[in-house]
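Heads up: the structure comes next, in structure tokens.
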2 protein chains.
Amino acid sequence: MSTQVDIQELAQVAPKGCLPKELVSNTAFLLARVGVAIKLAAADELEKLGCGLYDYGVLATLGEGTQETQAAVADALGLDRSMLVGILDSLEENGLVERKRDPNDRRRHTVSITTKGKRRLVELREVTSEIEQTFLEPLDERTRKQLHEALLRIACAYDPRYVVGAGK
Amino acid sequence: MSTQVDIQELAQVAPKGCLPKELVSNTAFLLARVGVAIKLAAADELEKLGCGLYDYGVLATLGEGTQETQAAVADALGLDRSMLVGILDSLEENGLVERKRDPNDRRRHTVSITTKGKRRLVELREVTSEIEQTFLEPLDERTRKQLHEALLRIACAYDPRYVVGAGK
DNA sequence: TATTGTTATACTCTATAACTATA
DNA sequence: TATAGTTATAGAGTATAACAATA
């Protein structure tokens with residue numbers, strides 16, 4: 001039957017373990033797939049160093065900011081405040097972070113990065129840079145910049161927390 | 001108290017809920033964030049139609065390919081074969097897909113998309129296109145093409161299943 | 001013995017809600 | 001009453017392993 005033939009011809013064009021063209025041609029699909037792959041890769045690499053996925057983000061936030069309150073850190077990263085507790089617990093256990101009660105409002109904790117935490121931040125920065133390099137390897141410098149700018153625009157459009165970072 | 005003042009001044013430079021520049025300047029970080037956001041948005045939209053996240057992918061695979069075996073579909077999409085069972089169960093219950101034993105190898109199931117499934121595929125295609133449009137809205141046509149090409153290169157570099165789709 | 005599809009299990013991640021201590 | 005941090009609970013999602021039928 002002719003149907004059979006058509007189907008087999010198609011099978012040659014689209015080899016067995018191959019994603020449907022329809023999906024691959026959808027930029028949002030690619031974005032989701034690549035994004036999730038990067039997240040998983042990052043989680044793996046960070047775990048090798050005994051770190052959770054968000055440790056780097058938290059340390060980076062504390063490294064740039066002033067003494068922050070837990071709520072401020074959570075909001076900055078888009079994490080629920082309850083999630084931050086466990087992350088800070090482990091960071092504090094490892095001496096990377098300090099929690100102090102705010103004397104002006106004893107409900108609050110002032111969180112700050114320690115010297116040891118800053119050293120760890122440098123390490124994590126290197127690891128995450130390597131992950132970035134690995135994934136961007138197939139792109140030339142110019143294309144990387146275009147990609148970064150496009151992503152930043154997309155991110156800013158649905159989440160204003162990205163906006164300020166655009167400066168540098 | 002001066003402490004109070006300092007904090008408020010800083011809050012203007014780096015507004016409260018603002019991501020650290022270090023993270024925003026990392027393309028891999030942006031990629032992961034945007035990618036996950038898209039995945040979540042897609043899951044939401046598809047759920048409104050009573051669909052799981054992978055229903056579209058499975059239907060699209062069946063829509064393009066020949067009669068496929070379950071293993072082939074799973075491999076094409078990068079899903080575990082055990083995960084596909086539940087997905088196909090619900091698709092079959094809704095009459096979107098048919099499973100038949102392969103008479104030549106009775107271990108195998110030949111999966112095919114039904115007429116109703118094809119109609120549903122058209123709907124899901126529209127929904128996912130809308131999601132794509134929403135996220136890409138801040139980009140002009142040229143930038144969108146650059147973005148797509150860059151993502152495709154990245155994806156191909158770590159997963160050969162994307163390669164063939166590059167054609168169109 | 002190896003493979004296909006299936007089922008069962010367990011584990012990670014995260015979202016939600018309840019709780020405390022302060023305000 | 002409301003808020004910051006904490007704790008506890010529950011749910012989604014998925015990875016793993018065991019299983020039955022067939023090769």
Side-chain angles (χ1 to χ4, degrees), chain A residues 16-17 32-33 35-44 46-47 50-55 57-58 62 67-93 97-112, chain B residues 1 4 7 16-17 32-33 35-44 46-48 50-55 57-58 62 67-93 97-112:
Chain A
K16 219 184 168 182
R33 283 291 191 117
V36 170
I38 288 176
K39 186 176 180 180
L40 293 176
D44 275 356
L46 293 170
E47 197 187 7
C51 280
L53 186 55
Y54 299 105
D55 291 8
V58 171
L62 296 175
Q67 330 148 44
E68 309 236 26
T69 174
Q70 290 189 203
V73 175
D75 291 351
L77 293 171
L79 298 174
D80 190 276
R81 294 165 189 203
S82 67
M83 265 199 72
L84 197 64
V85 177
I87 299 169
L88 287 177
D89 284 349
S90 84
L91 289 174
E92 199 175 25
E93 277 171 29
V97 145
E98 262 184 357
R99 273 193 272 215
K100 289 186 231 157
R101 284 239 171 258
D102 179 344
N104 297 109
D105 183 345
R106 294 187 41 74
R107 290 174 304 184
R108 289 187 157 130
H109 275 165
T110 295
V111 191
S112 54
Chain B
M1 319 132 193
Q4 198 73 16
I7 287 170
K16 218 185 167 181
R33 283 290 191 120
V36 170
I38 289 175
K39 186 175 180 178
L40 293 176
D44 275 357
L46 293 170
E47 195 187 8
K48 287 179 192 168
C51 279
L53 186 56
Y54 299 105
D55 291 9
V58 171
L62 295 175
Q67 329 149 47
E68 309 237 25
T69 173
Q70 290 189 202
V73 175
D75 291 350
L77 293 171
L79 299 174
D80 190 276
R81 294 167 188 200
S82 68
M83 266 198 71
L84 197 65
V85 176
I87 298 168
L88 288 177
D89 284 348
S90 84
L91 290 174
E92 197 174 27
E93 276 171 29
V97 143
E98 264 185 356
R99 273 194 271 216
K100 289 187 231 156
R101 284 240 170 258
D102 179 344
N104 296 111
D105 182 344
R106 294 187 40 75
R107 291 173 304 182
R108 290 187 156 130
H109 274 165
T110 294
V111 191
S112 54

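Values below: every heavy atom of this structure, side chains too, minus hydrogens, waters and symmetry copies. Remember, predicted model here, so these are calculated numbers, not experimental data. Protein chains get the first letters and strands the later ones, always in sequence-line order, with residue 1 at the start of each.
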TODO: I would like to know whether B:H109 and B:R101 meet side chain to side chain contact (heavy atoms under 4.5 Å, CB included); could you show each step before the answer?
DONE: CA-CA 5 Å; B:H109 274 165; B:R101 284 240 170 258; 3.5 Å; yes
TODO: Return the stems involving DNA chain D, sorted by first number, where pairs are Watson-Crick (N1-N3 with N6-O4 or O6-N4) or G-U wobble (N1-O2 and O6-N3), both under 3.5 Å, and runs are 3 or more long.
DONE: C:1-23 with D:1-23
- [ ] Calculate the interatomic distance between B:D89 atom CG and C:dG5 atom C1'; express it in whole Å.
- [x] 11 Å
Task: Value in whole Å for how far the P atom of D:dT22 lies from NE2 of B:H109 - done: 10 Å
- [ ] Indicate the atoms forming the closest heavy-atom contact of A:E92 with A:V97, along with that distance.
- [x] CG-O, 3.5 Å
Task: Rounded distance (Å) that lies between atom P of D:dA4 and atom CG of A:L79 - done: 16 Å
- [ ] Nearest whole angstrom, please: distance from the C1' of D:dA2 to the CZ of A:R81.
- [x] 12 Å
- [ ] Report the distance from atom CD1 of A:I87 to atom C1' of D:dG5, rounded to the nearest whole Å.
- [x] 14 Å
Quick one: side chains of residues 82-90 of chain A, donor-acceptor pairs under 3.5 Å with protein atoms, not counting sequence neighbours, listed by atom name and distance.
from, atom 1, to, atom 2, distance (Å)
A:S82, OG, A:D80, OD1, 2.7
A:D89, OD1, A:R99, NH2, 2.2
A:S90, OG, A:I87, O, 3.2

TODO: Write down the distance between CG (B:L77) and P (D:dT14), rounded to a whole number of angstrom.
DONE: 13 Å
TODO: Determine the minimum heavy-atom distance between A:R33 and B:L77, stating which atoms define it.
DONE: NH2-O, 2.7 Å
Task: Atom pair distance, as rounded to whole Å: NZ in B:K100 and P in C:dG5 - done: 15 Å
- [ ] Round to the nearest Å and state the distance from B:L88 atom CG to C:dT4 atom P.
- [x] 15 Å
Open item on the list: To check you understand the geometry: which heavy-atom pair defines the closest contact between B:A32 and A:I38, and what is its length?
Closed with: CB-CG2, 4.1 Å
Open item on the list: Any carboxylate oxygen within less than 4.0 angstrom of a Lys/Arg side-chain nitrogen, looking at B:D75 and B:R81?
Closed with: yes
Open item on the list: Return a single string for nucleotides 12-23 of chain C, one symbol per nucleotide in 5' to 3' order, where B is base contact, S is sugar-phosphate-only contact and - is none, cutoff 4.0 angstrom on heavy atoms.
Closed with: --S-BB---BBS
TODO: Over all heavy atoms of both residues, which pair between B:L62 and B:S112 is shortest? Give the atoms and the distance, please.
DONE: CD1-C, 4.4 Å
Task: Approximate separation, where rounding is to 0.5 Å, of B:L79 CG and B:Y54 OH - done: 6.0 Å
Open item on the list: Checking contacts here: which listed nucleotide (C:dT6, C:dT4, D:dA4) is nearest the side-chain heavy atoms of A:T69?
Closed with: D:dA4
- [ ] Quick one: closest heavy-atom pair of A:G52 and A:L46, and the distance?
- [x] O-CD1, 3.9 Å
